[in-house]
Amino acid sequence: MPTLVGWHVEMEFSEEGHRTGAAAMLRLADGTEMRARGYAMRHPSDPEQLRVGEEIAGARALMDLASQMLQKAHTEIDEATGRRSHPL
């Protein structure tokens with residue numbers, strides 16, 4: 001099956017003390033760029049596991065991107081149909 005479109009996602013992580021940050025950028029085929037951030041906090045008594053902090057912060061950033069994409073899609077549906085659509 002041929003690929004019709006592709007999306008490009010970039011993720012960058014930062015670590016400051018007990019806090020891990022993730023910055024996500026999504027580039028859609030129509031040239032739209034969306035950006036989001038996510039964070040994770042490690043309790044001081046927890047062992048350092050950078051990968052876990054990255055996974056949580058990254059997932060939160062991707063959830064924000066997903067929400068932005070749903071909003072964009074529903075705005076486009078509303079404009080095309082003249083009716084209000086309802087995101088889940």
Tracing side-chain links under 4.5 Å among I, L, V, M, F, W and Y, which residues wind up in one group with I56?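 Under the 4.5 Å side-chain rule, I56 groups with V52.
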Going by the salt bridge (charged side-chain N to carboxylate O under 4.0 Å, His left out) test, which pairs reach into residues 49-65, not counting sequence neighbours?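 Only R51-E55 qualify under salt bridge (charged side-chain N to carboxylate O under 4.0 Å, His left out).
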Would L28 end up clustered with M25 when hydrophobic side chains under 4.5 Å apart are linked, directly or stepwise?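 L28 does not cluster with M25.
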With hydrophobic residues grouped by side-chain heavy-atom distances under 4.5 Å, do M63 and M11 end up in a single group?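 Not linked; separate clusters.
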Contact summary for G17 and R42, nearest pair of heavy atoms: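 Closest heavy-atom pair between G17 and R42: O-NH2, 4.1 Å.
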Can you name the closest pair of heavy atoms from A57 and G21 and give their distance?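 Of all heavy-atom pairs spanning A57 and G21, the closest is CB-C, 4.2 Å.
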Output all residues satisfying side chain to side chain donor-acceptor pair (under 3.5 Å) with T75, sequence neighbours left out; order by chain, then residue number.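 Scan of T75 (side chain to side chain donor-acceptor pair (under 3.5 Å), adjacent residues dropped) gives Q71.
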Restricting to side chain to side chain donor-acceptor pair (under 3.5 Å), what partner residues turn up for D46, sequence neighbours left out?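 For D46, no residue satisfies side chain to side chain donor-acceptor pair (under 3.5 Å) once neighbours in sequence are set aside.
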Taking only residues two or more places apart in sequence, or in another chain, which ones meet [X] in a side chain to side chain contact (heavy atoms under 4.5 Å, CB included)?
X   : result
S67 : none
L65 : A24, L26, M34, A36, L62, Q68
T81 : I77, R83
E15 : T20, L50

Tell me if the CD atom of E10 is crowded by more than 12 foreign heavy atoms within 6.0 Å.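 Check passes, neighbour count above 12.
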Sequence neighbours left out, what pairs pass side-chain hydrogen bond (donor to acceptor under 3.5 Å, both in side chains) with at least one residue falling in residues 25-35?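 Checked against side-chain hydrogen bond (donor to acceptor under 3.5 Å, both in side chains) - neighbours excluded - the pairs reaching residues 25-35 are R27-E33, D30-T32, D30-K72, E33-R35.
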